[in-house]
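Fair warning: this is a prediction, and the values are worked out from it, not measured in the lab. Values below: all heavy atoms of this structure, side chains included; hydrogens, waters and symmetry mates excluded. The sequence lines fix the lettering, A, B, ..., with proteins before strands; numbering per chain opens at 1.
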Protein chains: 2
Amino acid sequence: MNLRDLRYVLAVAEFRHFGKAAEASFVSQPTLSGQIKKMEDELGVTIFERSNRSVEITPIGEQLLIYARRVIEQVEAMENLAKAAQDPLAGPLRLGVIPTLGPYLMPLILLPLRKDFPQLHLVLREEITSLLLDHLRRHELDAALIATPPDDDDLQEIPLFDEPFWLAHPAKHPLYNKDEIYEEDLPVDQLLLLADGHCLTEQVMGVCHLDQSAGHDDLRASSLETLMQLVGAGFGCTLVPALALRSSWATDTGVILRQVNIANAERRVRLVARKTFPRALALKALARLINRHLPNTVRRIEI
Amino acid sequence: MNLRDLRYVLAVAEFRHFGKAAEASFVSQPTLSGQIKKMEDELGVTIFERSNRSVEITPIGEQLLIYARRVIEQVEAMENLAKAAQDPLAGPLRLGVIPTLGPYLMPLILLPLRKDFPQLHLVLREEITSLLLDHLRRHELDAALIATPPDDDDLQEIPLFDEPFWLAHPAKHPLYNKDEIYEEDLPVDQLLLLADGHCLTEQVMGVCHLDQSAGHDDLRASSLETLMQLVGAGFGCTLVPALALRSSWATDTGVILRQVNIANAERRVRLVARKTFPRALALKALARLINRHLPNTVRRIEI
DNA sequence: TGACTGCAATATGGAAAACCTATCGAACTG
DNA sequence: CAGTTCGATAGGTTTTCCATATTGCAGTCA
């Protein structure tokens, strides 16, 4: 059996006339006659009782028509659904973000996204890089915003921007008197860090030439917010990604935020997804939109 | 789109493996791959996200699969329905019968019919010949038992038997003393008839060489039963089809029933149907069954 | 590191199907 | 009785579908 045949049968049932049904189906009458006959032979029943001047539907034909109509109905619904989903921008996009980026980047783009691509619905998830990559590989996420190279042949990346690290130190700190901060000025022994697993932790340690194994596990914050509270309370210094900077930190907690004169004191943020992910256009649109709404504290990478 | 393609999609969804899905669908892997790809192109969406070592269903694919499953389900139900209806003996057969035959023939065959063809369900309708033929032509009946040639190129007939007419006269009647009844003995002027429209009326008039127009509309019965009551009450005589004979008439109403020695004092009963009626086997089965269960008062026509 | 394996995609040629035009045969129409 | 209508049939062409062979990629094992 064949969907085409079902449509032919419905046409004949509608017109009760092979010629008109053929015309409405955009085929010749012999073609339609042949297909109807073929289908009747396959099913082993007569659907239409036809003579030279009349076409009548048999009782069993009437019953079969009910099914045929349902089938065609379902198929059309299916095609409509596909058509509605053709736009890669339409539908939910499951996006993961690292915790040191999400709370600061997403507020910048959610409103513009709703304005420019109202049909693209982000489903957000905040987790550390390794978990995000796992979810990507398991098709539990469609894309992720991370700050390290994905390092997986199955994944692709769209570089978005380079985000400099700023130095955060307590108001009463010797560095307060320095105009410019260079690499050797970094107070490595007073460095406060996030918990392990956050890419920021490794990156800050890298900038400070600290070894992974070299302790520094006495005081670990679980979020940037906590970390800043610690700095404000005078427990030490840290490096903060530019997007996380907020003037309220200075006023509320007395933290001083400073640009630094250190090459590579930055991280590259990228959008990653499986190479096989079919909605490449959605990724591109998202990447461009993020790029357009970045503040000048970061350096955009043109797409 | 194509039902075959839908089955391919379902197979891939089940196995998450093109090779295995192809094997289960009894086609080669390239064939299946090609059809899936063709369908994805047609629908404009990706159903499977596939790499060298994994096949995953996209969210939109998952939605489409729901429809695909429903469609295949419906099609299979349709095929099952057709298969169940393949037997021409199965299902209702709408049968019309003339009133001078139905009440006497049907009791003879209904039980044997249920025994031999339990799946063949007769839907009976009793009407005069002209109405039965109209219903046949309008596909409101499938077949009819009548006693005149259908005289319609669209109809076919299966002759069943010749049914002699018997003479019915009141007990106290001059003919009582005659051993044999010949044509010239018929009491034409005392003849009682059924209403117009009954084929029996014309046939009896024919046997008696009475003109259609020649009156005889003073006393008309609406059924054979009434007619016999009239005969029993001494209003006149009539000719009765052999199957209608019942011993109770003699005992209850005092009617005398006599064979007659008249050529053509009989009617041919046949099963008629549209030439295009597809369940020819059902007709043949019914005809043979009727034939097998006739009493010896009629002359069977071997089929 | 190099042969081997597993998997989907691609290339190419052959078979089946669907389709077309032309025509037939039957029956109705003027 | 010619003309028309309608479904069925005949014969040939095109499209679609399918199979075998091959490619390309990524693991796996020796």
Tell me if a side-chain donor or acceptor on [X] pairs with a main-chain N or O of [Y] at a distance below 3.5 Å.
X	Y	value
A:Glu40	A:Val45	no
A:Arg268	A:Glu163	no
B:Glu126	B:Ile98	no
B:Lys275	B:Asp153	yes
B:Arg300	B:Phe161	no

| How large an angle, rounded to 10°, do the end axes of the helix from C:dT1-D:dA30 to C:dG30-D:dC1 enclose when each is built from five base pairs? | 10°

| field | chain A contact limits on DNA chain C, taken 5' to 3' with a cut-off of 4.0 angstrom to heavy atoms | value | C:dA18 to C:dC28

Starting at [atom1] of [X] and ending at [atom2] of [N], how long is that distance when rounded to a whole Å?
X	N	atom1	atom2	result
A:Leu32	D:dA8	CG	C1'	12 Å
A:Ile36	D:dT9	CD1	P	14 Å
A:Arg16	D:dG7	CZ	P	13 Å

| query | Is any side-chain N or O of A:Ser33 closer than 4.0 Å to OP1 or OP2 of D:dG7? | reply | no

| query | Under the side chain to side chain contact (heavy atoms under 4.5 Å, CB included) criterion, do B:Ile158 and B:Arg270 qualify, and how do the steps go? | reply | CA-CA 5 Å; B:Ile158 302 175; B:Arg270 57 267 276 177; 6.0 Å; no

| Validation row: A:Thr276, B:Arg50 side chains within 4.5 angstrom (heavy atoms) | no

| request: Quick one: closest heavy-atom pair of A:Thr58 and A:Thr46, and the distance? | output: OG1-O, 2.7 Å

| query | Looking at A:Phe277, is A:Arg274 sitting on its ring face, NZ or CZ under 6.0 Å from the six-membered ring centre and within 45 degrees of the normal? | reply | no

| Base-contact (B) and sugar-phosphate-only (S) positions in nucleotides 14-26 of chain D, heavy-atom cut-off under 4.0 Å, - elsewhere | ---SBBBB--BBS

| query | With a cut-off of 6.0 Å (strictly less than), are more than 12 heavy atoms of other residues, nucleotides or ligands near CG of B:Asn264? | reply | no

